[in-house]
Asks: 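Sharing a structure below in structure tokens format, with a few things to ask.
Order of listing sets the numbers, starting from 1, for every ligand and every atom in it.
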Amino acid sequence: MRTSDVLVVGGGIIGLVTAWRAAQRGLTVTVADPDPGGGAARVAAGMLAAVTELQYGEQTLLDLNLASAARYPDFTAELTERTGLDTGYRRCGTLAVALDTDDRAHLRDLHAFQTSLGLESQWLSGRDCRRLEPMLAPGVRGGLRVDGDHQVDPRRLAAALLRAAELAGVRFARSAVARVTLAGGRVTGAVLAEGTAVTADRTVLAAGSESGRLAGLPDEVLPPVRPVKGQILRLRVPPAHAPFLSRTVRAEVRGSHVYLVPRENGELVLGATSEERGWDTTVTAGGVYELLRDAHELVPGITELPLTETLAGLRPCSPDNAPLLGATAVDGLLLATGHHRNGVLLTPVTGDALAEALTSPSGELPRYASAFGANRFARARQEQTV
Ligand code: GLY
């Protein structure tokens with residue numbers, strides 16, 4: 001039996017940042033995860049794409065995304081200072097291009113929407129896009145240059161967060177959680193797969209999509225998150241081909257997002273499918289084919305590069321695509337999950353918001369995160385039944 005102020009279930013980047021920030025504020029913290037630093041961040045490309053991934057109707061989420069993007073320079077500098085590890089944060093900007101006249105009209109609308117919200121985004125002709133990125137296909141019809149959408153390397157970020165958490169005194173229970181424990185209507189911790197009980201004053205579910213199916217909690221308390229599969233490829237740019245791309249390049253091809261994220265170390269990440277296939281994480285020939293086909297339309301030279309890795313991961317998606325943060329209706333239980341396409345982007349702001357909820361006398365989220373309360377769907381369900 002171990003006891004902590006806080007038990008964080010899940011040691012992906014969201015669980016790690018929550019644990020680290022809570023420990024920095026003087027709480028004793030245990031993270032339960034068989035493989036801390038793993039999870040969806042092992043798969044993710046790490047685009048910090050608040051502006052280029054803007055969706056109609058998601059302006060509230062945009063504010064949180066922008067708040068988190070603005071934290072990135074200090075956040076990564078602090079991590080590096082404390083751990084000596086580089087996170088691969090790169091202020092490279094993004095170019096979103098159109099490959100046909102329909103895409104062009106769609107990007108024009110997106111540009112008008114971005115501008116109406118005061119976001120920085122510049123319309124470029126096809127020729128100007130190719131001047132910036134000479135590897136682009138000759139048929140590119142125009143594009144949006146967004147100099148504020150950067151990238152980080154999620155694997156390096158996870159390694160730095162893990163080290164920072166260890167240095168801040170976070171303890172790790174390298175085991176899966178068998179079940180969350182409830183006593184007298186209050187969550188009291190969890191029993192690990194290897195049988196040990198971890199008791200805690202507060203338990204934070206930060207287990208990505210798994211948060212929605214943890215044993216021990218009544219159905220109405222489980223967060224409404226579902227897995228959305230993403231297949232992704234990694235390629236290598238040999239020195240003879242460098243610089244292949246100097247910024248993230250993306251497009252929507254036949255309704256699917258395709259993006260190419262070039263790292264300084266020569267890795268080129270090509271993502272990603274978005275599939276509703278439950279818990280399946282198979283890399284399929286069809287998924288790889290579609291990604292390469294779409295990327296080839298965007299940047300024909302891609303087929304020359306060595307393919308080094310294929311992977312699939314699960315995005316934790318909530319009913320409104322936004323995260324579920326902070327206190328739930330059950331005493332002792334908080335959430336940090338449901339980040340869908342924005343888990344890497346929202347890591348800094350999630351850590352700050354959860355640390356505030358765990359240490360403030362009211363237990364409430366700070367104002368910038370208050371629209372993302374963990375209880376919002378439970379409340380809606382209750383209102384429907386009244
Ligand atoms: N934000 C990129 C993705 O989820 O594929």
Side-chain angles (χ1 to χ4, degrees), residues 12-14 39-56 58 61-62 64-69 72 88-90 92-97 110 114 119 144 146 148-155 157-158 208-209 225-235 245 247-263 267-277 280-281 283-284 286-288 290-295 298 309-323 337-350:
I13 52 176
I14 295 296
R42 281 213 62 70
V43 182
M47 286 181 303
L48 308 175
V51 177
T52 36
E53 288 208 344
L54 174 65
Q55 300 290 319
Y56 296 101
E58 292 187 359
L61 179 57
L62 169 69
L64 192 70
N65 287 345
L66 290 172
S68 204
Y72 249 97
Y89 177 59
R90 185 174 174 200
C92 60
T94 298
L95 184 64
V97 303
L110 180 62
Q114 289 166 340
L119 301 170
L144 290 178
V146 178
D149 275 2
H150 302 306
Q151 63 157 301
V152 71
D153 183 335
R155 292 177 179 178
L157 177 66
S209 341
V225 286
R226 65 178 200 284
V228 176
K229 178 178 173 182
Q231 300 190 52
I232 204 160
L233 316 180
R234 281 173 165 78
L235 302 102
L245 295 172
R247 55 176 56 65
T248 296
V249 166
R250 56 183 303 148
E252 211 173 301
V253 184
R254 288 175 284 272
S256 302
H257 294 280
V258 60
Y259 47 78
L260 290 158
V261 183
R263 306 244 192 268
E267 183 176 79
L268 181 66
V269 186
L270 193 184
T273 66
S274 190
E275 305 167 66
E276 300 275 356
R277 290 192 188 275
D280 170 46
T281 51
V283 176
T284 63
V288 174
E290 282 169 27
L291 287 171
L292 286 172
R293 178 196 63 196
D294 295 350
L298 185 62
E309 203 176 341
T310 58
L311 263 180
L314 300 173
R315 306 174 182 91
C317 187
S318 76
D320 62 4
N321 298 332
T337 185
H339 293 71
H340 192 213
R341 297 182 71 88
N342 297 310
V344 179
L345 172 61
L346 289 173
T347 294
V349 84
T350 298

Asks: Identify, by atom number and element, the atoms of ligand 1 in contact range of M47, meaning under 4.0 Å from any of its heavy atoms.
Replies: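 Reading through ligand 1 atom by atom, the close ones are 2 (C).
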Asks: If you have a sec, work out which protein heavy atom is nearest atom 4 (O) of ligand 1 and how many Å separate them, to one decimal?
Replies: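 Ranked first by proximity to atom 4 (O) of ligand 1 is R315 NE, 2.8 Å.
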Asks: Just so I know, are the side chains of Y72 and H150 near enough to count as touching, which here means a heavy-atom distance under 4.5 Å?
Replies: no
Asks: Looking only at protein heavy atoms, identify the closest one to atom 1 (N) of ligand 1 and say how far it is in Å.
Replies: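 That would be R341 O, 2.9 Å.
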Asks: Return the closest protein heavy atom for atom 5 (O) of ligand 1 as residue, atom name and distance.
Replies: Y259 OH, 2.5 Å
Asks: In plain terms, say whether E267 and R90 are close enough for a salt bridge, that is, a side-chain N and a carboxylate O under 4.0 Å apart.
Replies: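 Not counted as a salt bridge, because no side-chain N and carboxylate O are separated by less than 4.0 Å.
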Asks: Just wondering, do P323 and L64 contact through their side chains at under 4.5 Å, heavy atoms?
Replies: yes
Asks: One residue to check: E53. Relative to ligand 1, which of side chain, backbone, both or neither has a non-hydrogen atom less than 4.0 Å away?
Replies: side chain
Asks: Do R254 and E290 sit within salt-bridge range, that is, some charged N less than 4.0 Å from a carboxylate O?
Replies: no
Asks: Give the atom numbers and elements of ligand 1 that come within less than 4.0 Å of a heavy atom of A272.
Replies: 5 (O)
Asks: Is there a donor-acceptor pair under 3.5 Å between the side chain of T94 and the backbone N or O of D149?
Replies: yes
